[in-house]
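Quantities reported herein were computed from a predicted structural model and do not represent experimental measurements. Computed from heavy atoms alone, side chains included, the values below leave out hydrogens, waters and symmetry copies.
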Amino acid sequence: MITLKDGTSIDLNDVGGTQNNMKDVYEVFEDIDRTLVNMRINKTSKIETFEYFDKSIAEIYADKIKNVLNNKCKIHF
């Protein structure tokens, strides 16, 4: 659950699915992260911290989490 400053709540469990036209929850996280980073909203992430549990999760999930941790602004104004 994400709660915005204006009180709006977004339940991230309601955005994923298994239908062909639905994104999985990790893709939604990546999209949200990409949007926020490109809006130049400050983000602090440390890939070093991820290394503590990297080997305990499936590679597909580890890769998606790494994408979010490593995402930096790619839009230049």
*Asks:* Quick one: closest heavy-atom pair of Val68 and Glu30, and the distance?
*Replies:* CG2-CG, 3.8 Å

*Asks:* To the nearest 0.5 Å, what is the distance between CD (Glu27) and CD1 (Ile32)?
*Replies:*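 Here the rounded value is 12.0 Å.
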
*Asks:* Please report the closest heavy-atom contact between Asp33 and Lys43, naming both atoms and the distance.
*Replies:* OD1-NZ, 2.9 Å

*Asks:* If you draw a 6.0 Å radius around CG in Asp6, do more than 12 non-hydrogen atoms from other residues or ligands fall strictly inside?
*Replies:*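 Correct, the count exceeds 12.
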
*Asks:* Check whether any side-chain heavy atom of Arg34 lies under 4.5 Å from a side-chain heavy atom of Asn71, and answer yes or no.
*Replies:*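 In short, these two side chains touch, coming nearer than 4.5 Å.
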
*Asks:* Which atom pairs, donor and acceptor, lie under 3.5 Å between side-chain atoms of residues 56-66 and protein residues at least two apart or in another chain?
*Replies:*
unit_1 : atom_1 : unit_2 : atom_2 : d
Ser56  : OG     : Phe53  : O      : 2.7

